[in-house]
Each structure stands twice: as structure tokens, then as C-alpha cells.
Enquirer: 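To start, I am sharing the structure in question, which I have written as C-alpha cells.
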Amino acid sequence: MSRRLLLAGALAAATLLPAGAAAAAETQTTITGWTKAPGPRAYDRLEVTKFGSTRARAVLVLVPGTNGGRGDFTLTAREIVKDVPGLAVWAVDRRSQRLEDTSVFAKALRGEVTTKQMFDYYAGWLADPSITPHYQPPDPATLGFAADWGLRVQLEDVRRVVQAAARGGRRVVLGGHSLGASVAVAYASWDFAGRPGYRDLDGLVLIDGGLRGSFDSADLAQARTRLTAIRKQPFLDLLGLGLPWVTGVLAEAGAVLTLREPAAPSAAQAFGLLPAQFKPPIPATNRGLFGYAFDASTSPKELGLIQVRAGSLGADGDWVDGEVTPIERLAQTFGQEPANAVEWFYPARLNLDVDAASPLAQNAAAKYLGLRLKWARRAGLPVYAVQTSLTHGAVLRGAKSFIKLSHAPAARSRLVDAGATESHLDPLTAAPSKNQYLRTVVPFLRTLLKGA
């Protein structure tokens with residue numbers, strides 16, 4: 001019997017299960033990644049959150065973007081598994097998440113430590129070294145191997161998750177947000193020791209990302225220059241403070257403060273190491289500062305990767321919802337454990353490799369970096385893509401280019417422009433009634449699985 005008939009039969013059977021048997025669930029698990037990756041074998045373990053019924057006969061595997069974690073997908077995954085019968089969602093972390101110490105965040109969410117103790121543990125000690133105990137960042141001198149945690153490592157890790165998802169005859173759709181969407185396109189085009197990546201998949205879901213000009217590119221000269229810098233500092237330093245992990249810590253701390261003490265005076269506003277551009281011009285509440293830092297109207301323009309459209313800061317310093325993402329949903333996304341939504345140690349090599357992979361061609365830069373982009377012209381997978389305002393139309397142009405290059409079935413693909421109403425993180429956090437990604441990806445997935 002063909003793969004397509006098996007999938008159709010399995011999905012039909014899934015819709016006939018008793019409600020209790022098919023009830024959605026959330027489980028945390030660990031899958032062994034690529035055991036030949038650079039670095040100690042302790043980092044070969046990938047954390048995965050599984051949403052939906054264990055009897056699902058198809059799985060949507062989702063990869064986070066730059067500085068992102070699997071928690072990015074929690075809110076939307078819950079909606080998708082409710083609305084697409086027979087589908088489970090698996091959200092996967094990168095191996096670099098194993099460098100984090102989120103123990104005190106977890107205690108704060110459980111009410112076992114105060115929010116002040118939490119903030120002091122992760123950030124306060126930087127201004128006051130007498131604070132003990134406090135977070136002990138890993139020694140960068142011991143982590144040089146992370147300069148080689150690039151696209152090949154990411155794809156080999158994701159392949160182990162895809163293979164696990166496919167067990168028992170399940171079909172797999174691969175997707176991601178931002179750079180995670182770029183990873184999904186690269187997977188379909190990749191040569192895994194002679195096997196095309198697209199053969200593992202039944203479709204792609206690209207959430208404000210991709211290749212073929214969706215983001216930046218890198219030629220051979222740029223690749224050489226950037227790789228030299230990455231050898232000195234293997235992790236992305238988004239805030240430029242010389243402390244790569246601070247970006248993730250401050251984002252998660254702000255979210256936990258918003259969840260635990262939303263209307264209390266901001267604990268971070270007086271913190272000297274918080275860049276001034278994140279601080280409101282008036283005394284703010286915890287959720288007021290959190291919203292001010294992330295909202296597209298006030299967040300630094302160069303940090304479009306972290307922005308949402310949530311509302312505005314009120315005259316009293318508290319946050320006022322008013323657009324697509326309620327501030328509580330943003331805080332729920334970034335303030336969760338064990339599946340957090342930020343990556344404290346994001347491997348800069350991954351961005352370089354994805355930039356070099358943008359044309360999906362074995363050019364000089366791709367060969368220099370060891371990329372294996374052999375099968376793009378044969379991928380032929382149905383593509384879903386949604387874009388926000390981040391790239392001014394480049395995401396959909398890239399998706400159209402990939403569809404044409406790969407001979408994908410245009411009639412079974414879906415391209416959505418949410419640029420007029422959403423910023424980069426909104427597809428992950430917007431209220432379901434205002435979330436164009438949710439409203440359009442659900443019918444795409446239903447049709448895709450039905451057609452299979």
C-alpha cells in the first residue's frame with residue numbers, strides 16, 4: 001500500500017477515536033541528537049515538547065529561530081492540535097539549550113523564591129558582586145567547539161527528531177519560525193549521505209522565515225571574515241554587552257516578573273546594565289517595562305527579531321493592551337519552564353551558514369562552510385509561508401522563489417501576508433482570533449493531511 005493511502009487511512013481512523021483517547025496532551029521528552037557533532041557527547045541530547053494525542057498519525061516538527069527556544073510554539077501548538085484532527089506538534093530545542101541554568105526561574109514560577117531573589121540570582125549580581133548565591137556562566141574558554149555548531153549540526157539533530165516522529169508510519173511536516181523556517185527549507189534541500197532531506201517530509205511550514213533571499217546572504221569573503229570572528233566568540237551577543245547569555249536572562253526575567261507581579265513597580269528599570277533604550281521615560285510597572293521593551297512602537301528599531309504589536313504604555317506606567325498580542329500571552333511565552341522560549345547561548349555559526357545557504361546553491365561559500373545543498377530543485381513539497389512586517393516582503397518573495405525552484409505544487413501551497421498587522425513574534429503570541437498564522441495554517445494542514 002502506498003504512503004499516501006496509509007496516511008489517509010490513519011488520519012481517518014484517528015478522527016473516530018473516543019474523545020478521551022484522542023485528548024490533547026503535553027509531554028516533555030529528550031531525543032538523542034547527532035552523536036558525531038563537535039563537542040562533548042553530553043550536548044547530544046535535545047529537549048522536545050510534544051503536543052497532542054499519542055495516537056496522532058502525523059507530526060508537525062517545529063524549530064525555533066534566532067535566540068529562540070521550543071517554548072516559542074507553546075501557545076499556538078495547543079491551538080493547532082485542537083483544530084487539526086490526527087496531528088501532533090513537536091517543538092524542539094537546539095543542543096545549546098543544555099548550557100542554561102534555569103533552576104531559579106523554575107522556582108520563582110512555583111513561588112519557592114521571591115522575584116527579587118530570582119532577579120538578583122540572574123542579573124543583580126552583575127552590579128553587586130556580594131550577592132550570593134548567583135548564576136555562574138560557563139567559562140567561554142571551554143566552549144570553543146560551539147563555533148562549529150552550524151547548519152550541519154542543526155540539520156543532523158533535527159533529522160533525529162524527524163526520524164523519531166516518523167516511527168510507526170507517521171508522516172512528518174517540518175517547519176519553524178524565522179531562522180527555524182530557514183532550517184526547514186535547508187533540510188528539504190540537504191544531502192544526508194546520499195538521501196535527499198525532502199524524502200523525509202510531506203510539507204513545509206515557514207513562519208516569517210525561509211531562504212532564497214528571505215534574509216541576508218553571505219559570499220565567500222564574508223564567510224571567511226565572519227568565521228574568524230566566530231572562532232573568537234561562538235555565541236551571538238544580541239545586546240552587545242559582551243555577555244551573550246544576558247539577552248535570554250533579561251527576557252525571561254521580565255516575563256516572570258510580569259506573570260508574578262504585573263502591577264508592581266518595575267524591578268528592572270533601575271538596573272544599570274539594562275540598556276537605556278529598553279527603559280520607559282516614566283516609572284513603569286513590571287508589565288509596563290516588559291511591553292515597552294518588546295512592542296514595535298517603542299522597542300529599538302534594530303531589534304525587530306523580538307518585537308510584537310501589543311498596545312502602549314499608559315500614562316501611569318502600566319501596560320494597556322490594544323493590538324494583536326495581549327501582554328499576558330507574551331509573558332506566558334517567555335516566562336515558562338522547563339520549555340523556555342529563549343536561547344541564552346545561540347551559536348553564531350548557524351546564522352552564518354544559513355546566510356550562505358540562502359541561494360540554495362553549492363557555491364564557493366557553501367563549499368567553504370561544508371554545506372550540502374544538493375536537492376532543492378527536486379524537493380517538490382507543499383509550502384505554507386506567512387510573513388510579518390520584518391522583511392518588507394522578502395519572506396514571501398523567498399517562498400515563491402523556492403516553490404518555483406523546487407517544483408512545489410503551487411495549488412497545494414499557501415502564502416499569507418500579515419505584514420500590515422503583525423511584527424515578527426506576533427504569529428507565536430497573538431490572540432487566536434487575531435492571529436493570521438493560526439487562521440491560515442490550520443486549513444493548510446487539514447488540506448495537506450487530507451490530500452495525503
Enquirer: Measure from the side-chain N and O atoms of R329 to the backbone N and O of T429, and report whether any donor-acceptor pair falls under 3.5 Å.
Expert: yes
Enquirer: Are any of the side-chain nitrogens in K82 or E79 under 4.0 Å away from the carboxylate oxygens of its partner?
Expert: yes
Enquirer: Donor-acceptor pair, distance only, cut-off 3.5 Å: does the side chain of D237 make one with the backbone of L241?
Expert: yes
Enquirer: Should V63 and Y187 count as side-chain neighbours, where that means a heavy-atom distance under 4.5 Å?
Expert: no
Enquirer: Has Q307 got a side-chain atom pairing as donor or acceptor with P300's backbone, closer than 3.5 angstrom?
Expert: yes
Enquirer: Return the orientation label for the Y43 and W149 ring planes: parallel under 30°, perpendicular over 60°, tilted otherwise.
Expert: perpendicular
Enquirer: Let me have the donor-acceptor pairs involving side chains of residues 370-379, under 3.5 Å, with sequence neighbours excluded, atom names and distances please.
Expert:
| from | atom 1 | to | atom 2 | distance (Å) |
| --- | --- | --- | --- | --- |
| W375 | NE1 | D191 | OD1 | 2.8 |

Enquirer: Measuring only between side-chain heavy atoms, which start at C-beta, is F192 closer than 4.5 Å to L155?
Expert: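 Touching, per the 4.5 Å side-chain cut-off.
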Enquirer: Given side chains that start at C-beta, do those of E26 and R78 come closer than 4.5 Å, heavy atoms only?
Expert: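 The answer is yes; the side chains approach within 4.5 Å.
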Enquirer: Among residues two or more places apart or on two chains, list those pairs meeting salt bridge (Lys or Arg N to Asp or Glu O under 4.0 Å) that have a residue in residues 210-224.
Expert: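 Qualifying pairs: none.
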Enquirer: Minimum heavy-atom separation for P427 to S423, with atom names?
Expert: CD-O, 3.4 Å
Enquirer: How close do G210 and A181 get, heavy atom to heavy atom, and via which atoms?
Expert: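 Reported closest heavy-atom pair: N-CB, 3.8 Å.
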Enquirer: Nearest heavy-atom pair of K400 and L415: which atoms, and what distance?
Expert: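 Looking at all heavy atoms of both residues, the shortest contact is CG-CD1, 3.4 Å.
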Enquirer: Are L179 and Y346 packed together at the side-chain level, in the sense that at least one heavy-atom pair is separated by less than 4.5 angstrom?
Expert: yes
Enquirer: If you measure from the Lys or Arg side-chain nitrogens to the Asp or Glu carboxylate oxygens, is any gap between R152 and D353 under 4.0 Å?
Expert: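 No salt bridge links R152 with D353.
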Enquirer: Is there a donor-acceptor pair under 3.5 Å between the side chain of D321 and the backbone N or O of I327?
Expert: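 At least one qualifying donor-acceptor pair exists.
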Enquirer: Run the numbers on V441 and V84 for side-chain contact (heavy atoms from CB on, under 4.5 Å), then give the verdict.
Expert: CA-CA 10 Å; V441 78; V84 184; over 6 Å; no
Enquirer: Look up atom CD in Q222 and atom OG in S217, then write down how far apart they are to the nearest 0.5 Å.
Expert: 6.5 Å
Enquirer: Between D44 and T32, is there a donor-acceptor pair closer than 3.5 Å when you use the side chain of the first and the backbone of the second?
Expert: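 Checked: no pair found.
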Enquirer: Identify which one of L211, L381, L360, L206 satisfies the side-chain contact (heavy atoms from CB on, under 4.5 Å) criterion when paired with F402.
Expert: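 Between F402 and the candidates, side-chain contact (heavy atoms from CB on, under 4.5 Å) is satisfied uniquely by L360.
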Enquirer: When rounded to the nearest 0.5 angstrom, what is the spacing between CZ in F105 and CD in E252?
Expert: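 Here the rounded value is 4.5 Å.
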Enquirer: Between N435 and A430, what is the shortest heavy-atom contact and its length?
Expert: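 Taking N435 first and A430 second, the nearest heavy atoms are ND2-O, 3.5 Å.
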Enquirer: Could you go through the side-chain contact (heavy atoms from CB on, under 4.5 Å) check for V324 and V308 one step at a time?
Expert: CA-CA 8 Å; V324 298; V308 296; over 6 Å; no
Enquirer: After noting the C-alpha distance and the side-chain angles of F294 and W319, does the key distance pass the ring pair (Phe, Tyr, Trp, His ring centres under 6.0 Å) rule?
Expert: CA-CA 12 Å; F294 279 85; W319 192 256; over 10 Å; no
Enquirer: Using 0.5 Å steps for rounding, measure from the CG atom of L405 to the NE2 atom of H407.
Expert: 7.0 Å
Enquirer: Can we say R98 and E47 salt-bridge, meaning some charged N sits less than 4.0 Å from an Asp/Glu carboxylate O?
Expert: yes
Enquirer: Just by modelled atom types, is the A339 backbone N or O under 3.5 Å from a matching donor or acceptor in the Q28 side chain?
Expert: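 The answer is no, because no donor-acceptor pair under 3.5 Å joins these two groups.
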Enquirer: With sequence neighbours left out, write down each residue that passes salt bridge (Lys or Arg N to Asp or Glu O under 4.0 Å) with E323, or none if nothing qualifies.
Expert: none
Enquirer: Salt bridge (charged side-chain N to carboxylate O under 4.0 Å, His left out), that's the test. Do R94 and D157 meet it? Break it down for me.
Expert: CA-CA 8 Å; R94 278 178 279 275; D157 280 345; over 6 Å; no
Enquirer: Determine the minimum heavy-atom distance between A91 and F73, stating which atoms define it.
Expert: CB-CD1, 3.9 Å
Enquirer: Given side chains that start at C-beta, do those of L99 and F235 come closer than 4.5 Å, heavy atoms only?
Expert: yes
Enquirer: So, taking the atom named CH2 in W90 and the one named CD1 in I31, what distance separates them when rounded to the nearest 0.5 Å?
Expert: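 It is 5.0 Å, given to the nearest 0.5 Å.
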Enquirer: Is there a donor-acceptor contact under 3.5 Å from the side chain of R260 to the main chain of T258?
Expert: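 No, R260 side chain to T258 backbone: no donor-acceptor pair under 3.5 Å.
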Enquirer: Any chance CD of E328 has more than 12 other-residue heavy atoms, nucleotides or ligands included, within less than 6.0 Å?
Expert: no
Enquirer: If only atom types and distance count, is the side chain of D93 paired as donor or acceptor with the main-chain N or O of G69 below 3.5 Å?
Expert: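 No, the answer is negative, given that no donor and acceptor are paired below the 3.5 Å cut-off.
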Enquirer: For side-chain hydrogen bond (donor to acceptor under 3.5 Å, both in side chains), just list the numbers for R414 and T447, CA-CA rounded to whole Å, side-chain angles, deciding distance to a tenth of an Å, and then say yes or no.
Expert: CA-CA 11 Å; R414 180 76 184 272; T447 301; over 6 Å; no
Enquirer: Counting N and O atoms only, with roles assigned by atom type, does the side chain of T225 sit under 3.5 Å from a partner on the main chain of A221, one being a donor and the other an acceptor?
Expert: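 Yes.
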Enquirer: Report yes or no: does N286 contribute a side-chain atom to a donor-acceptor pair with the main-chain N or O of A263 at less than 3.5 Å?
Expert: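 Checked: no pair found.
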Enquirer: Closest heavy-atom contact between H424 and S178?
Expert: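 Smallest heavy-atom distance, with atoms named: NE2-OG, 2.9 Å.
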Enquirer: Taking the side chain as everything from C-beta on, heavy atoms only, tell me whether L238 gets closer than 4.5 Å to T66.
Expert: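 Contact flag for L238/T66 side chains = no.
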Enquirer: So D208 and L390, side-chain contact (heavy atoms from CB on, under 4.5 Å) or not? Walk me through it.
Expert: CA-CA 8 Å; D208 212 21; L390 178 70; 3.9 Å; yes
Enquirer: How long is the straight-line distance from CG of L313 back to CG of L289, given to the nearest 0.5 Å?
Expert: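 Between atom CG of L289 and atom CG of L313 there are 9.0 Å.
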Enquirer: Quick check for you: to the nearest 0.5 Å, what is the distance between D83 atom CG and T76 atom OG1?
Expert: 11.5 Å
Enquirer: Kindly determine whether Y437 and V416 satisfy side-chain contact (heavy atoms from CB on, under 4.5 Å), including the steps that lead there.
Expert: CA-CA 8 Å; Y437 160 61; V416 179; over 6 Å; no
Enquirer: Checking T285 now: which residues fulfil side-chain contact (heavy atoms from CB on, under 4.5 Å) with it, not counting sequence neighbours?
Expert: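 So T285 forms a side-chain contact (heavy atoms from CB on, under 4.5 Å) with R287, D318.
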Enquirer: For D148, what residues pass the salt bridge (Lys or Arg N to Asp or Glu O under 4.0 Å) criterion, not counting sequence neighbours?
Expert: R231, R349
Enquirer: I'd like to check the side-chain contact (heavy atoms from CB on, under 4.5 Å) partners of P382; sequence neighbours left out, ordered by chain and number.
Expert: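 Counting only residues at least two positions away or on another chain, P382 forms a side-chain contact (heavy atoms from CB on, under 4.5 Å) with P409, R412, F444, L448.
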